[in-house]
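Have a look at the structure below before the remarks.
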Amino acid sequence: MRVAVVAGPGRTALLTELADDGSDHTAGVLLNDLPAAVAGYERSGAVRWVWADTAGTYPALLRAGARVDRCHDVRLVGALLAGRDGAAAASGPGGPVASAAGAAAGRPAMAGPGRLGAGQQAALFGPAEPGLADASIALSQLVATHAAQLRRISADPHPSRFGLLAAVESAGGLAAAEMQARGLPWRADAHDALLASLLGARPPAGLRPPRLAELASQISAAFGGRPVNPDSPAQLIRAFAAAGVRIPSTRSGLLRDVAHPAVPLLLEYKELARLHTANGWAWLEEWVSGGRFRPEYVVGGVVSGRWATRGGGALQIPRVLRRAVVADPGWALVVADAAQLEPRVLAALAGDHAFAEAAGTGDLYQALAGAFGGDRAKAKVALLSAMYGGAGGEASQLLAVLRRRFPLADRYVAAAARAGEEGRVVRSRLGRCCPPPSAEWRDLTASPDEPGAADQRARRSLRARGRFTRNFVVQASAADWALVLLAGLRRRLATLGGPLQDGPGLVFFQHDEVIVHCPQALAGDVVGAVGAAATEAGRLVFGDTPVRFPVTTAVVSSYADAK
DNA sequence: TTCCGTTGCGCG
DNA sequence: AAAGCGCGCAACGGAA
């Protein structure tokens, strides 16, 4: 059963049960205690909550102790549909302008992001309930929008795939809120000790830590005593030039090949300065409290369907800091990582039999090495080049081998690249659409072939767009798979342990990797749940394919010990 | 002073 | 080893 709900102030809400087609057959019911009602529905059987925005609604429910099993997030699903329909209209006759008009005509209106603004919420259900009328309007808008979304999903060329995408995107919203509530276990003392060992004692704000100050003065000395701020690329380039070394930039990879006494000092400085500025004591104070790091996940924040985070740089935690991620006493971390996910996804997408057979084994690159004279590294370069569109140096020969041995895989990404260069959009396996090219891109690439700088720019843009769509089909389909895995794992974890904070729970999700925090006694069950969820994800996303999606799991006390 | 584009690097 | 794709964040330095 589906139940639509609009939250009011405090614990109040307006709720209505929905028919299968999304229509409401009852009048809205005014609730004084939404968390209690949610808990009641969850106990009584399968229910899918329909609401405007999980991120705005669910955290308060979690704080009140109410867990939700399933939902339909109208904001997230609306974004999926808007991406699809906007893309379809933009690539049809009339272009983006027509698309906006057509989309507006075919879709029910919904104010803003689909939830009550703060001002409206404050006005809801006051002493004389003056906001009740507004809430009724919001609820009927929600119900209408949701019903329209169900119709638009069923109108997709692949309705079951797109329906699955809508379901797992919504489940992702639930998981994101739960992960933020639970937090990633983070030992501030271990983090602090690591900083002290690498940087020295914590300096007053604005000053360099001892080790960085020492390196900075050594760097200046290496440039003959000329004062140089190693944080300034411009100053460094000038200093190198004065020493007779001309470099186009100060990237580490480039500096590594430069013979100058300042280089090793500079490389060490850059690495430590990065740690200090990005994840130093200031970060620790701002983002870790009560032994937890609580990033704010942005579901679908990346065009490919990957998640982003807001604040704290949660998806760019440097590997060296993983030793600060430590399970609570008596608990364990189950760290699960999909092995070589993207090439496996390509194998399944393309239906390339030889490729898929190879991907049915453990080490995909090793399995393909035979095609490259037994050289695993070459197989890896070839595959990455195929998925990313690179063709520099040795890669072009390796790509030729790949093309000969696995023609369907090559054809699949080549077709995606061609679509991009022609200004068309491409979709992931479950139907997530890449954004259409911008108006600037169309202007730039519409010019006829005339030799000159403008034409060169146009060609570069065309090829860049081709690389983007070539990569999109793989990265976005991998994100499909990972999201299905996340949803399935979340569902299984709920059956394993106690409610909410007492049982095993997801605490981290990074593209193709998840971490579960669980009581030690349940770690084996969690490992089993991960495996089952991975198998299920392969079947749900790709159907009957010989491709396997193995997941490496490690039961550890510290994230640093996972691999 | 604030704002913003560029540079560089962390993660997948 | 780097490169081709996708991101977020901090510092710099010139523009406003």
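To find a chain, count down the sequence lines: A is the first, B the second, and so on, and within it residues start at 1.
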Where at least one partner belongs to residues 249-271 of chain A, residue pairs that pass salt bridge (Lys or Arg N to Asp or Glu O under 4.0 Å), sequence neighbours excluded
A:Arg211-A:Glu268
Electrostatic pair A:Asp231:A:Arg208 at N-O distance under 4.0 angstrom
yes
Atom-to-atom span, CG of A:Leu399 to P of C:dA2 - whole angstrom
20 Å
How many angstroms lie between atom CD of A:Gln475 and atom CZ of A:Arg432, to the nearest 0.5 angstrom?
10.5 Å
Under the ring-ring contact (aromatic ring centres under 6.0 Å, His included) rule, what pairs show up with a residue in residues 181-213 of chain A, not counting sequence neighbours?
A:Trp186-A:His191, A:Trp186-A:Trp283, A:Trp186-A:Phe293, A:His191-A:Trp283
Residue pair A:Val303 / A:Phe468, side-chain heavy-atom distance below 4.5 Å:
yes
Any salt bridge linking A:Asp363 with A:Arg376? Criterion: basic side-chain nitrogen under 4.0 Å from a carboxylate oxygen.
yes
Identify, with sequence neighbours excluded, every residue that meets salt bridge (Lys or Arg N to Asp or Glu O under 4.0 Å) alongside A:Arg463.
none
Are A:Arg459 and A:Glu421 within salt-bridge range, i.e. N to O under 4.0 Å?
no
Whole Å only: how far is the CG atom of A:Leu267 from the P atom of B:dG10?
11 Å
Lys/Arg cation over aromatic A:Phe542: A:Arg429, 6.0 Å, 45° cone:
no
Would you indicate whether the side-chain heavy atoms of A:Arg292 and A:Val288 approach each other to under 4.5 Å?
no
Checking A:Arg427 now: which residues fulfil salt bridge (Lys or Arg N to Asp or Glu O under 4.0 Å) with it, not counting sequence neighbours?
A:Asp156
Gap between atoms NZ and P, on A:Lys380 and C:dA3 respectively (whole Å)
15 Å
In terms of base orientation, is B:dG8 syn or anti, with the syn window spanning 90° either side of 0?
anti
Which residues in residues 278-295 of chain A have a heavy atom closer than 4.0 Å to any atom of DNA chain B?
none
If I take atom CD in residue A:Glu296 and atom P in nucleotide C:dC9, what distance separates them, rounded to the nearest angstrom?
10 Å
Would you please enumerate the stems DNA chain C participates in, each stem being three or more consecutive Watson-Crick or G-U wobble pairs with both distances under 3.5 Å?
B:1-12 with C:5-16
With ring-ring contact (aromatic ring centres under 6.0 Å, His included) as the rule and sequence neighbours excluded, what pairs involving residues 201-220 of chain A come up?
none
So, A:Glu536 and A:Arg491, do they make that salt bridge, N to O below 4.0 Å?
yes
Residues in residues 462-484 of chain A with a heavy atom under 4.0 Å of DNA chain C, by number, are A:Arg467, A:Phe468, A:Asn471, A:Gln475
Atom-to-atom span, CZ of A:Phe509 to P of C:dC7 - whole angstrom
16 Å
Less than 4.5 Å apart, any side-chain heavy atom of A:Leu398 and any of A:Ser385?
no
Euclidean distance, atom CD of residue A:Glu342 to atom P of C:dG4 [Å, nearest integer]:
17 Å
Could you check, using the six-membered ring where one of them is a Trp, whether A:His260 and A:Phe223 have ring centers closer than 6.0 angstrom?
yes
5' priority, DNA chain C, between A:Met387 and A:Gly301 [closest heavy atom]
A:Met387
Rounded to the nearest angstrom, tell me the gap between atom OH in A:Tyr388 and atom P in C:dA2.
15 Å
Any donor-acceptor pair under 3.5 Å between the side chain of A:Arg274 and the base of B:dC9?
yes
Please list, in numerical order, the residues of residues 315-324 of chain A that have a heavy atom closer than 4.0 Å to any atom of DNA chain B.
A:Leu315, A:Gln316, A:Ile317, A:Pro318, A:Arg319, A:Arg322
Side-chain contact check for A:Thr277: nearest option of C:dA3, C:dA11, C:dG6 is C:dA11
Taking every non-hydrogen atom, the tightest pair across A:Gly280 and A:Leu195
C-CD1, 3.6 Å
Only pairs at least two apart or in different chains count here, so list each ring-ring contact (aromatic ring centres under 6.0 Å, His included) that has a residue in residues 396-442 of chain A.
A:Phe355-A:Phe406
Below 4.0 angstrom, N of the basic side chain to O of the carboxylate: do A:Asp480 and A:Arg306 qualify?
no
Mind listing the residues from residues 235-265 of chain A sitting with a heavy atom below 4.0 Å of DNA chain B? Number order is fine.
A:Ser249, A:Thr250, A:Arg251, A:Ser252
Measure from NZ or CZ of A:Arg322 to the centre of the six-membered ring of A:Tyr559, then state whether that distance is under 6.0 Å and the direction lies within 45° of the axis.
yes
Here the residues of residues 222-233 of chain A within 4.0 Å heavy-atom distance, strictly under, of DNA chain C are A:Asn229, A:Asp231, A:Ser232
Taking only the side-chain nitrogens and oxygens of A:Lys270, find out if one of them lies under 4.0 Å from OP1 or OP2 of B:dG8.
no
In whole angstrom, give the distance that lies between atom NE2 of A:His276 and atom C1' of B:dC9.
16 Å
